[in-house]
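All values below were derived from every heavy atom in this structure, side-chain atoms included, with hydrogens, water molecules and symmetry-related copies excluded.
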Amino acid sequence: MTDTNTPTGPLDGVRVIDLSTVVMGPYAAQILGDLGADVIKIESPADTVRVGQYRTTPGMTPLNLNVNRNKRSVALNLKDAAERDRALELIDTADVFITNMRPHALSRLGMTYDDLARRNPGLVYAHAQGFRSDSDRAGDAAYDETVQASSGLVDIAHRALGEPVYLPTILGDKVSSLTIAYSVLAALLHRNGTGQGQRVEIPMTDTLIAFNLVEHLSGHVYEPAQGTTGFPLSMTKGHRAVRTKDGLACVIPYNPQNFRDFFAAAGRPDLAADPRVNGEAIDGADHEALAALIDVCAPALTTAEWTEVCSKHSIPMAPVLELDRAHEDDYVRGGHLLDTVEHPTEGAIRTVGIPVQFSATPGSIRRLAPVAGQDTAAVLAELEAAR
């Protein structure tokens with residue numbers, strides 16, 4: 001934690017208005033806040049991210065504590081004309097506006113890009129939604145599960161795992177958050193050179209389709225197709241962490257020498273002599289059978305022993321991080337990726353660190369997540385004083 005009045009981060013001097021809910025928009029705005037931007041969150045106490053488990057203060061949920069740090073919260077009822085005018089005046093002072101509201105709602109509020117650009121021509125207007133605005137699905141509701149389905153991710157899981165499961169993380173939201181953040185930065189670079197703002201549309205489904213197809217377009221990169229879609233190694237049954245003598249680890253021999261060293265360490269010289277691991281490269285057709293042999297051999301040693309063996313022989317390996325014990329992990333602790341801090345209303349909480357390191361302009365956590373509306377009076381007073 002650093003002092004809230006200490007300028008810090010490469011985005012110091014940039015103001016972001018966050019009019020978004022759930023995770024996609026708020027997480028993107030939090031990232032910009034971590035990098036030094038002054039982020040003002042306009043919200044209602046009924047914000048979805050504030051619904052759920054809390055310890056002391058209603059609305060101060062784990063998700064809210066994660067995605068709303070480095071922000072000031074201003075509670076305004078946008079259905080009230082006077083309060084909506086205050087919101088518009090705040091947006092007039094902004095460099096960036098982030099929202100995931102539906103287009104018809106933005107139109108009713110007078111907050112479309114055209115509305116706001118007339119008032120603030122240099123505004124970078126980031127609009128995130130489930131589907132492209134020029135598509136026949138533009139108005140459809142979108143949640144992470146629907147985006148995983150619409151982007152092909154469920155098909156990937158179905159083919160690899162045999163079940164059409166959703167990944168147990170809100171990947172669509174978080175990948176889209178990262179896309180919002182880098183797109184905003186690109187638009188700010190353009191604005192700083194030309195004075196011209198612009199509308200940036202970030203559709204979740206399009207974002208995740210592009211993300212998935214980087215490797216999974218595979219043989220369909222070619223026209224006509226040469227092979228199927230799906231990255232072969234990722235789609236191999238058995239492409240998973242293995243059980244060691246005392247736990248779980250990722251052990252991924254990649255080349256013939258890796259396999260020979262792995263089998264020898266497991267006490268299986270017979271497998272080290274196997275012709276499949278004695279050529280110039282591993283044949284893709286053998287991946288599944290070799291993965292099964294890794295499963296069989298891994299319990300021969302403890303995770304710590306495999307760590308030593310794999311380090312010695314340059315075999316890709318990592319112990320599996322157990323989330324319940326992440327705060328005890330030496331790597332996590334060394335990078336301050338999970339620190340305990342004192343929240344003004346919630347007491348001791350763990351906060352996720354900033355994963356990026358800047359040598360000249362480091363980001364920082366200056367404010368922990370605010371109670372809804374706690375900064376309304378102060379921010380509106382600043383607005384009044386600036387008139």
Side-chain angles (χ1 to χ4, degrees), residues 2 4-20 24-42 69-72 74 87-101 103 106-107 110-129 132-134 174-204 206-211 214 354-367 379 382-383 386-387:
T2 60
T4 57
N5 296 315
T6 303
T8 181
L11 295 185
D12 178 44
V14 172
R15 172 167 283 187
V16 177
I17 302 297
D18 175 14
L19 182 65
S20 63
M24 175 172 51
Y27 183 35
Q30 175 236 294
I31 292 169
L32 300 177
D34 287 353
L35 299 181
D38 172 25
V39 182
I40 298 172
K41 183 172 182 64
I42 298 176
R69 72 178 185 213
N70 280 335
K71 300 180 186 181
R72 294 187 284 169
V74 174
L88 290 168
E89 289 176 36
L90 274 175
I91 297 168
D92 289 344
T93 71
D95 301 286
V96 178
F97 176 71
I98 296 176
T99 187
N100 60 350
M101 293 180 70
L106 291 166
S107 182
M111 292 184 178
T112 66
Y113 172 66
D114 289 339
D115 294 328
L116 299 184
R118 280 192 290 270
R119 303 171 60 108
N120 183 355
L123 184 68
V124 173
Y125 183 106
H127 187 204
Q129 59 188 70
R132 283 192 318 281
S133 60
D134 63 355
K174 292 186 288 186
V175 169
S176 296
S177 298
L178 298 175
T179 305
I180 293 169
Y182 77 64
S183 300
V184 161
L185 296 178
L188 280 173
L189 185 64
H190 171 78
R191 194 281 309 270
N192 291 348
T194 65
Q196 179 186 32
Q198 62 182 299
R199 180 177 184 272
V200 182
E201 181 176 316
I202 307 96
M204 291 176 72
D206 301 52
T207 297
L208 212 60
I209 287 173
F211 179 85
V214 168
I354 298 172
V356 181
Q357 299 181 15
F358 291 78
S359 64
T361 55
S364 66
I365 301 173
R366 304 171 303 288
R367 302 173 185 273
V379 170
E382 289 175 11
L383 191 62
R387 285 181 173 175

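Rounded to the nearest 0.5 Å, atoms OG (Ser176) and CZ (Phe211) are 10.0 Å apart. The CE atom of Met24 sits 8.0 Å away from atom CD1 of Ile202, with the distance rounded to the nearest 0.5 Å. Between the CG atom of Asp34 and the CZ atom of Arg69 there is a distance of 4.0 Å, given to the nearest 0.5 Å. Between the CG atom in Leu19 and the CD1 atom in Ile40 there is a gap of 12.5 Å [rounded to 0.5 Å]. Rounded to the nearest 0.5 angstrom, His127 NE2 and Thr112 OG1 are separated by 10.0 Å. Atom CG of Leu88 and atom CG of Asn120 lie 11.0 Å apart (nearest 0.5 Å).
No side-chain heavy atom of Asp115 sits under 4.5 Å from any side-chain heavy atom of Leu106. With a 4.5 Å cut-off on side-chain heavy atoms, Val14 and Leu188 count as touching. Annotation: side chain of Ile31 is not in contact with side chain of Ile180 (no heavy-atom distance under 4.5 Å). Using a 4.5 Å heavy-atom cutoff, the side chains of Val200 and Val184 are not in contact. With contacts defined as side-chain heavy-atom distances shorter than 4.5 Å, the pair Ile98/Leu32 qualifies. Counting heavy atoms from C-beta on, the side chains of Thr93 and Leu383 come closer than 4.5 Å. Between Pro103 and Gln129, some side-chain heavy-atom pair lies under the 4.5 Å cut-off. Residues Glu201 and Asp206 fail the side-chain proximity criterion, which asks for heavy atoms closer than 4.5 Å.
A donor-acceptor pair under 3.5 Å links the side-chain atoms of Asn70 to the main chain of Arg366, judged by distance alone. Proximity of a side-chain donor or acceptor of Tyr125 to a complementary backbone N or O of Thr99 within less than 3.5 Å is not detected. Remark: the backbone N or O of Asp92 is not paired with any side-chain donor or acceptor of Arg119 at under 3.5 angstrom.
For Phe358, the CZ atom sits in a packed shell: over 12 heavy atoms of surrounding residues, nucleotides or ligands are nearer than 6.0 Å.
Across all non-hydrogen atoms, the minimal contact from Lys71 to Pro26 is NZ-O, 2.8 Å. The two residues Tyr113 and Leu123 have their closest heavy-atom pair at CE1-O, 4.2 Å. Smallest separation of non-hydrogen atoms from Ala28 and Ala181: CB-N, 4.4 Å. Val39 and Ala29 get closest at one heavy-atom pair: CG2-O, 3.6 Å. In plain terms, the two heavy atoms of Ser364 and Ile354 that are nearest each other are N-CD1, 3.4 Å. Taking both residues in full, the closest heavy atoms of Pro10 and Thr361 are given as CD-O, 3.0 Å, listed atom of the first, atom of the second, then distance.
The pair Arg199-Asp114 does not meet the salt-bridge criterion, since no charged nitrogen lies less than 4.0 angstrom from a carboxylate oxygen.
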